[in-house]
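Notes follow the structure.
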There are 2 protein chains.
Amino acid sequence: MKKERELYRDFLKSKNLKFTKPRLIIMETVFENHEHFNVDNLYELIKKKHKNVSRATIYRTVPLLVESGLIKQSLRCESKDIYEHTYGHENHLHFVCDNCGKIIESGFSDVAILIDLLAKNENFEIKEYNLGASGLCKDCQKKKDN
Amino acid sequence: MKKERELYRDFLKSKNLKFTKPRLIIMETVFENHEHFNVDNLYELIKKKHKNVSRATIYRTVPLLVESGLIKQSLRCESKDIYEHTYGHENHLHFVCDNCGKIIESGFSDVAILIDLLAKNENFEIKEYNLGASGLCKDCQKKKDN
DNA sequence: TAAGTAGTTGAGATTCATTCTCATTAAAGT
DNA sequence: ACTTTAATGAGAATGAATCTCAACTACTTA
Ligand SMILES: [Mn+2]
Ligand SMILES: [Mn+2]
Ligand SMILES: [Zn+2]
Ligand SMILES: [Zn+2]
């Protein structure tokens, strides 16, 4: 969290943006949490800490965290954008269960190598991977068998 | 288009849904078009043919086309869901340019094999792949170099 | 550390894709 | 044709995300 804070501060400075209290609260809350999250989750987590930040400010700050490279928008569930940490986290892909909504993470393994190759063929410069699949998790497969 | 129509009709029948004129117009328009599309595109294409179908009906019908396996929701651009044909089309992945919005398609190659392996490790049963990356297309890389 | 400057905040209004409601219409079977 | 049941169009409603603006605060400079 120390390092994230430095990066964030430097990022803000480089953009002539101010390191304000709400921005700090949001950033801290984001990194205290270790799950995928959406703006609403974040709002609730902040309230639970008896801090107060408006939804508007969260909506304004999350894109800054994304631009700084600390988090990324990784999924979309129930019509809401879902974010997750990127700083200090390996790339991974998501298996999302259509039935129960569970999100299973799995390492990239060699997938990235292949994708890089395909991208090179198209002269495309990849900034961010977006890999996953939907289907049925282990538990929900059983349920369907009944 | 003949085959799509059969499948669609059978699908509807299997669900005790009616094969109505609006549903036919929508399906035909979807398969006359060969680009990624959203509900608004579709609405305009239908109007251009001097047919008339309400947006509400399009919003109701697109999920039927998805459920029938003829199309899938494959991307989200400018806050809108983007669809594409699946019937008669190979799986492929999308490289989306952050700068100009261009969408480049590329064959799966062996990516699916690797992903299947990862899924098997998690006992996850894949119904649909969702693979891609964002970054800069060839042209936009040049622009940035200036 | 006071004053100046420029970016930031909260509250609520606004936008816009998508979904819903409901009275009317149309498909399919008999 | 008659009956049943689902579908349609129009417009209202929903809800995530964005915007507006007056009040506020972080940083700079003297
Ligand atoms: Mn994740
Ligand atoms: Mn495609
Ligand atoms: Zn599940
Ligand atoms: Zn481009």
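So that the names make sense, note that chain A is the first sequence line, chain B the second, and so on, each numbered from 1. As a basis for the values below, the full set of heavy atoms in this structure was taken, side chains included, without hydrogen atoms, waters or symmetry mates. On a predicted model such as this, the values are computed, not experimentally measured, just so you know.
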- Query: Base, sugar-phosphate, or nothing for A:V53, non-hydrogen atoms under 4.0 angstrom?
  - Reply: sugar-phosphate
- Query: Base, sugar-phosphate alone, or nothing: which one does A:N52 contact when heavy atoms must sit under 4.0 Å apart?
  - Reply: sugar-phosphate
Just the rounded figure in Å: distance from [atom2] of [N] to [atom1] of [X].
| X | N | atom1 | atom2 | answer |
| --- | --- | --- | --- | --- |
| A:D40 | D:dT14 | CG | P | 17 Å |
| A:K18 | C:dA6 | NZ | P | 9 Å |
| B:L17 | D:dA7 | CG | P | 5 Å |
| B:N16 | D:dT4 | CG | P | 17 Å |
| B:Y43 | C:dC16 | OH | P | 17 Å |
| A:I25 | D:dA26 | CD1 | P | 11 Å |

- Query: Are the side chain of A:D110 and the backbone N or O of A:I113 linked by a donor-acceptor pair below 3.5 Å?
  - Reply: no
- Can you find a side-chain donor-acceptor pair between B:N38 and B:Y43 that sits under 3.5 Å? no
- B:E105 versus B:H36, side-chain donor and acceptor atoms under 3.5 Å: yes
- Message: Strictly below 4.0 Å: does B:T20 bring a side-chain N or O up to OP1 or OP2 of D:dA6?
- Response: no
- Message: If you compare every side-chain N and O of B:R23 against the phosphate oxygens of C:dA27 (OP1, OP2), does one of them come in below 4.0 Å?
- Response: no
- Interface with DNA chain D, restricted to residues 57-83 of chain B and to heavy atoms under 4.0 Å: B:T57, B:R60
- Message: For D:dT25, does the base pair up with any side-chain atom of A:K21 as donor and acceptor (N or O, under 3.5 Å, distance only)?
- Response: no
- For A:E122 and A:K120, what are the C-alpha separation, side-chain angles and deciding distance, and is it a salt bridge (Lys or Arg N to Asp or Glu O under 4.0 Å)? CA-CA 5 Å; A:E122 308 290 344; A:K120 183 164 260 175; over 6 Å; no
- Item | Ring centres under 6.0 angstrom apart (B:F108, B:H92) | no
